[in-house]
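Side chains are part of it too, since the values below use all heavy atoms of this structure and drop only hydrogens, waters and symmetry mates.
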Amino acid sequence: MTDLRQLLGKNIKIYRKSCNISQSKLAENVDTATNYISAIEAGRRFPSVKMLEKIAAALGIDIIELFSVKPIQFEREKKELEEQIWQDIGQNLSWYISKKLTDIQSKTAHRTKSTK
């Protein structure tokens, strides 16, 4: 079973990043220290219910979402998809470069024959 602190910390980080806010901005929004938010996200600290309510409100979610496994599963799926996309881009880019080089070589060879 997943450690509740780790689950909470990972979810806060995922939701915080999806809101595109820094740890310091979240800390400011919930009136606490940045290193406290960092410790929560790392699973080293467990906040009070009052702090959990503030964090959830600052992230625009229900408090129960902080304890759901869905964000972590989504984050894994997102990373896998991004890796696949970059792999596809790399393969397509390699093909495109190879094709362009072949075209350039062909044009160069044709010009060389034409000038002789």
Find out whether Ile63 and Ile55 are in side-chain contact, i.e. whether some heavy atom of one side chain is under 4.5 Å from a heavy atom of the other. no

Determine yes or no for a side-chain-to-main-chain donor-acceptor pair under 3.5 angstrom, with Asn11 supplying the side chain and Ser68 the backbone. yes

Side-chain heavy-atom pair Phe67, Leu8 within 4.5 angstrom cut-off: yes

Say you draw a straight line from NZ of Lys100 to CD1 of Ile104; how long is it, rounded to the nearest 0.5 Å? 8.0 Å

Within a 6.0 Å radius of atom CD1 on Ile64, are there more than 12 heavy atoms belonging to other residues, nucleotides or ligands? no

Is there any salt bridge (charged side-chain N to carboxylate O under 4.0 Å, His left out) pair reaching into residues 39-53, and which pairs are they, with sequence neighbours excluded? Arg16-Glu41

What salt bridge (charged side-chain N to carboxylate O under 4.0 Å, His left out) pairs are there with at least one residue in residues 21-35, not counting sequence neighbours? Lys25-Glu28

Counting N and O atoms only, with roles assigned by atom type, does the side chain of Thr102 sit under 3.5 Å from a partner on the main chain of Ser98, one being a donor and the other an acceptor? yes

How long is the gap from NZ on Lys13 to OG on Ser18, to the nearest 0.5 Å? 13.0 Å

Heavy-atom nearest pair, Cys19 first then Leu59, reads SG-O, 3.6 Å

Does the side-chain contact (heavy atoms from CB on, under 4.5 Å) test come out yes or no for Leu26 and Thr34, once each step is laid out? CA-CA 8 Å; Leu26 178 59; Thr34 303; over 6 Å; no

At what distance, to the nearest 0.5 angstrom, does CG of Leu52 lie from CD1 of Ile12? 6.5 Å

Does the Asp3 side chain pair with the main chain of Arg5, one donor and one acceptor, at a distance under 3.5 Å? yes

Report yes if some heavy atom in the side chain of Ile21 is under 4.5 Å from a heavy atom in the side chain of Tyr15; otherwise report no. no

